[in-house]
Amino acid sequence: EGGRPMAEQPATQQRPSPSAERVAQASLAKSKLDARTGAVAAAASATPSTLDRRGWERSDFPIICETCLGDNPYVRMTKCEFDKECKICLRPFTVFRWRPGSNARYKKTEVCQTCAKLKNVCQVCLLDLEYGLPVQVRDTALSTAGYDVPDMPESDANSQWLQDQLIKKDAAGQMFAYDRVEPATAVVRLARTTPYYARNRAHICSFFVKGMCKRGDECPYRHEMPVESELSVQKLKDRYYGVNDPVAKKILRNAQRFTKLPPPEDCEIATLYVGNLDPAVTEQDLRDAFYCFGEIKSLKMVPVQNCAFVTYTTREAAEQAADKLFNNLTIKNRVARIAWGRKFDPTRAAQPAYYPPTLVATDAAGAMPMMPPGLTMPPGVTFSFPVAPPPPPQEAAPAAAAATAYYPSMDPSRHGSAPR
């Protein structure tokens with residue numbers, strides 16, 4: 001009562017309970033995650049087997065082409081979940097690493113499976129899985145043929161939202177199917193039919209270039225000097241989006257150069273060579289493809305070589321068929337190869353067949369080897385074993401020599417280490 005007056009106490013605030021605080025922190029963290037990843041959570045519900053709640057990708061096996069897989073049927077891979085970010089969408093994904101062959105370098109997946117599916121490309125080399133071509137070549141050929149190829153977002157503005165919309169279309173089956181292209185389009189003619197394992201070679205040893213490599217034959221890198229060319233600088237994003245790809249530019253330039261088949265100077269040639277045929281192709285299939293250009297004089301098939309020769313009665317018909325069918329003929333889902341035939345050369349057909357080197361008579365310059373019993377040779381004539389193939393025979397051999405041929409292997413003294 002007589003003491004100092006107490007200071008006025010501020011109004012106390014009620015502290016939230018621990019459970020309510022955790023809920024608020026979780027809500028704030030979720031809002032930050034949604035702001036950073038966009039609508040990835042919605043896409044995760046569309047493909048729950050590959051994307052988790054955070055939008056990170058988990059997979060059990062990579063999407064790779066036959067070339068990157070290698071020629072070894074037994075491949076050992078290492079798997080690490082969420083090890084790297086995708087170099088296209090920056091989404092953490094499962095990285096696989098393996099060695100395609102004994103002389104190849106180690107390879108690993110570079111982009112996530114979501115980006116690989118949207119473009120139908122390999123996760124390592126970013127080449128098309130169906131045709132083995134760069135994205136720029138494939139999309140250019142399909143656009144020329146009238147197909148509506150979807151475009152991927154390249155800028156950062158709304159790129160995540162646009163990519164999520166493409167993921168939803170892919171889950172609903174509304175995306176463009178690259179494997180359902182008609183065989184007559186240019187992309188099928190440019191496609192690589194066999195794997196190119198030379199692409200898996202080891203890189204060039206930088207120490208060898210400097211002259212400092214001391215490993216010798218044990219070095220896992222190639223001991224070659226680098227060659228500067230237009231293909232020396234290649235960027236992964238340019239390959240994926242199909243812009244400024246030097247490999248694609250080279251392929252398109254070569255494709256424009258060989259769009260027509262130049263006719264031979266000899267106007268008498270009216271035969272076309274048709275190669276790369278399916279074994280099931282019949283003569284009637286070829287006649288159905290070539291008869292509309294003119295009257296066919298003869299059609300000869302060579303089943304052993306999977307090819308045929310079509311001869312027209314006029315040169316004009318052969319030229320018209322070559323212009324229309326060059327790189328544009330597909331029989332039984334296989335692109336046929338068209339070329340001009342060659343004029344028949346009688347001198348070439350009259351050349352004798354090659355036989356293994358035989359004994360040739362020479363002058364008596366050395367000792368005559370031991371002769372088999374019963375074989376007599378003319379005096380002053382011996383036999384030697386030539387290194388080069390003998391010339392065609394000009395005169396008939398003696399009757400005694402023609403009866404039985406003599407070979408050095410028939411001489412017992414020339415076996416083993418006997419002195420000569």
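Only a predicted model underlies this, so the values are computations on that prediction, with no experimental measurement involved.
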Exercise for the section: Could you walk me through whether Cys65 and Glu130 pass side chain to side chain contact (heavy atoms under 4.5 Å, CB included), step by step? Expected result: CA-CA 9 Å; Cys65 60; Glu130 188 73 18; over 6 Å; no
Can you tell me how far the [atom1] atom of [X] sits from the [atom2] atom of [Y], to the nearest 0.5 Å?
X: Lys214; Y: Cys219; atom1: NZ; atom2: SG; result: 13.5 Å
X: Ile64; Y: Phe61; atom1: CD1; atom2: CZ; result: 5.5 Å
X: Arg105; Y: Arg201; atom1: CZ; atom2: CZ; result: 9.0 Å
X: Thr311; Y: Ile296; atom1: OG1; atom2: CD1; result: 9.5 Å
X: Gln113; Y: Ser59; atom1: CD; atom2: OG; result: 4.0 Å
X: Asn200; Y: Asp71; atom1: CG; atom2: CG; result: 8.0 Å

Going by heavy atoms in the side chains, are [X] and [Y] under 4.5 Å from each other?
X: Phe93; Y: Thr109; value: yes
X: Ile331; Y: Leu329; value: yes
X: Val310; Y: Lys300; value: no
X: Met225; Y: Val209; value: yes
X: Asn306; Y: Asn276; value: no
X: Glu57; Y: Pro92; value: no
X: Leu118; Y: Tyr240; value: yes
X: Pro100; Y: Tyr197; value: no

Could you check whether [X] makes a cation-pi contact with [Y], meaning its NZ or CZ is under 6.0 Å from the centre of the six-membered ring and within 45° of the ring axis?
X: Arg97; Y: Tyr106; answer: yes
X: Arg315; Y: Trp340; answer: yes
X: Arg287; Y: Phe290; answer: no

Practice task
Determine, stepwise, if the pair Asp128 / Lys119 fulfils salt bridge (charged side-chain N to carboxylate O under 4.0 Å, His left out).
Solution key: CA-CA 8 Å; Asp128 185 78; Lys119 280 289 187 177; over 6 Å; no
Is [X] reaching over with its side chain to a backbone N or O of [Y], donor-acceptor style, under 3.5 angstrom?
X: Gln123; Y: Val111; value: yes
X: Gln136; Y: Asp245; value: yes
X: Arg239; Y: Cys125; value: yes
X: Asp285; Y: Thr282; value: yes
X: Trp56; Y: Thr94; value: no
X: Ser232; Y: Glu228; value: no
X: Arg222; Y: Ala202; value: yes
X: Arg99; Y: Gly101; value: yes

Practice task
Run the numbers on Gln284 and Asp288 for side chain to side chain contact (heavy atoms under 4.5 Å, CB included), then give the verdict.
Solution key: CA-CA 6 Å; Gln284 187 60 36; Asp288 294 341; 2.9 Å; yes
Exercise for the section: Start with the C-alpha distance between Glu319 and Lys324, add both sets of side-chain angles, then the distance that settles salt bridge (charged side-chain N to carboxylate O under 4.0 Å, His left out), and finish with yes or no. Expected result: CA-CA 9 Å; Glu319 291 182 358; Lys324 298 294 184 180; over 6 Å; no
Evaluate whether atom [atom1] of [X] has more than 12 neighbouring non-hydrogen atoms of other residues, nucleotides or ligands under 6.0 angstrom away.
X: Asn103; atom1: CG; answer: no
X: Lys108; atom1: NZ; answer: yes
X: Lys235; atom1: NZ; answer: no
X: Tyr291; atom1: OH; answer: no

For a quick test of reading the model, state the closest non-hydrogen atom pair linking [X] to [Y] and the distance between them.
X: Ala317; Y: Gly294; value: CB-CA, 3.9 Å
X: Ala321; Y: Leu272; value: CB-CD1, 3.8 Å
X: Cys112; Y: Cys86; value: N-SG, 3.3 Å
X: Ala336; Y: Leu277; value: CB-CD2, 4.1 Å
X: Gly341; Y: Ile269; value: O-CG2, 3.4 Å

Practice task
Would you please say whether a donor-acceptor pair under 3.5 Å links the side chains of Asp238 and Gln234?
Solution key: no
Practice task
For Cys68 and Arg199, run side chain to side chain contact (heavy atoms under 4.5 Å, CB included): C-alpha distance rounded to whole Å, both residues' side-chain angles, the deciding distance at 0.1 Å, then the answer.
Solution key: CA-CA 8 Å; Cys68 293; Arg199 200 170 64 225; 4.0 Å; yes
Problem - Salt-bridge contact Asp266-Arg342 (side-chain N to carboxylate O under 4.0 Å) - result: no
Problem - Residues Arg253, Glu230: salt bridge by 4.0 Å N-O rule - result: yes
Exercise for the section: For residues 205-226, pull every pair meeting ring pair (Phe, Tyr, Trp, His ring centres under 6.0 Å), keeping only residues two or more places apart or in separate chains. Expected result: Phe208-His223
Problem - Stepwise side chain to side chain contact (heavy atoms under 4.5 Å, CB included) test for Phe96 and Lys107 - result: CA-CA 8 Å; Phe96 296 87; Lys107 289 195 166 187; over 6 Å; no
Problem - Given Leu133, Ile63, Val135, Leu127, the one that forms side chain to side chain contact (heavy atoms under 4.5 Å, CB included) with Val121 - result: Val135
Exercise for the section: Check the pair Tyr312, Phe293 against ring pair (Phe, Tyr, Trp, His ring centres under 6.0 Å), reporting the backbone distance first and the verdict last. Expected result: CA-CA 9 Å; Tyr312 285 93; Phe293 301 101; 7.3 Å; no
